[in-house]
Amino acid sequence: RNNELKWAKLILTRHCNRTCPYCQISNDTEDLPFDTWKLIINKLTDWGVLAFNLLGGEPTLVAYLNPLIQYISNKGLISTMTSNGILLNEETISELGKSGLFSLQISHDSNNGFGKSDPSMYKKLAAIKKAGIIPVVTSVATSKNINEVSDIANSVTREGYFFSFSLYQHHNGVLSP
């Protein structure tokens, strides 16, 4: 058992319902079946992994998302998820909470329509919190929104939510367009 491995990122799907300008994900592969993910989770657990971040593409497009979260939770492990939030509503969020999701990050890159932007984000964050899930807002900072990231962070944290961001470096070492 490797005591250094604690957290694994699982890209459940390469399919997405957005076309963000900086994203390299393509819809060109089939998703792994649920039983294959269970085998992968079991192996990673044997290696000492205690937490899984469910990613995509867009993980809410995966039909077995809630059963997978429940499988992870039933093993006493932690599951988190990063989503663009489009398919999230009170019902889907409630089901994620019942399945045992620990934390849900919603991607929000701009208040002005660039990249991932959702005017109903705060309503969704409240529903996430109500469902017993830790809500987080995450942004990808690029050359188009770098001046907005601080404003987004301030508004999110002022409302009592967590915020994180990534800088997206394009090839040639410049901030991505």
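Nearest heavy atoms, Lys6 versus Gly48: CD-O, 3.9 Å. Smallest separation of non-hydrogen atoms from Gly85 and Ile106: CA-CG2, 4.5 Å.
Under the 4.5 Å side-chain heavy-atom criterion for grouping Ile, Leu, Val, Met, Phe, Trp and Tyr, Phe165 is connected to Ile146 within one hydrophobic cluster. Cluster annotation: Leu44 and Leu55 are assigned to distinct hydrophobic clusters (Ile/Leu/Val/Met/Phe/Trp/Tyr, side-chain heavy-atom contacts under 4.5 Å, transitive).
Aromatic ring pairs are classed by plane angle as parallel below 30°, tilted from 30° to 60° and perpendicular above 60°; the pair Tyr122 and Tyr161 is tilted.
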Under 3.5 Å, sequence neighbours excluded: what are the donor-acceptor pairs made by side chains of residues 92-102?
| from | atom 1 | to | atom 2 | distance (Å) |
| --- | --- | --- | --- | --- |
| Thr92 | OG1 | Leu87 | O | 3.4 |
| Thr92 | OG1 | Asn89 | N | 2.8 |
| Thr92 | OG1 | Asn89 | O | 3.1 |
| Thr92 | OG1 | Asn89 | OD1 | 3.4 |
| Ser99 | OG | Asn66 | OD1 | 3.4 |
| Ser99 | OG | Glu95 | O | 2.9 |

Indicate every side-chain donor-acceptor pair of residues 130-138 with a distance under 3.5 Å to a residue at least two apart or in another chain.
| from | atom 1 | to | atom 2 | distance (Å) |
| --- | --- | --- | --- | --- |
| Thr138 | OG1 | Ser164 | O | 3.4 |
| Thr138 | OG1 | Ser164 | OG | 3.1 |

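To the nearest 0.5 Å, atom CD of residue Glu148 and atom NE2 of residue His108 are 7.5 Å apart. Note that CD1 of Ile41 is 4.0 Å distant from CD1 of Ile72, once rounded to the nearest 0.5 Å. Here Tyr64 contributes atom OH and Ile69 contributes atom CD1; the two are 11.5 Å apart, rounded to the nearest 0.5 Å.
Phe162 CZ: 12 or fewer foreign heavy atoms inside a 6.0 Å radius.
A donor-acceptor pair shorter than 3.5 Å can be found between the side chains of Asp31 and Thr13.
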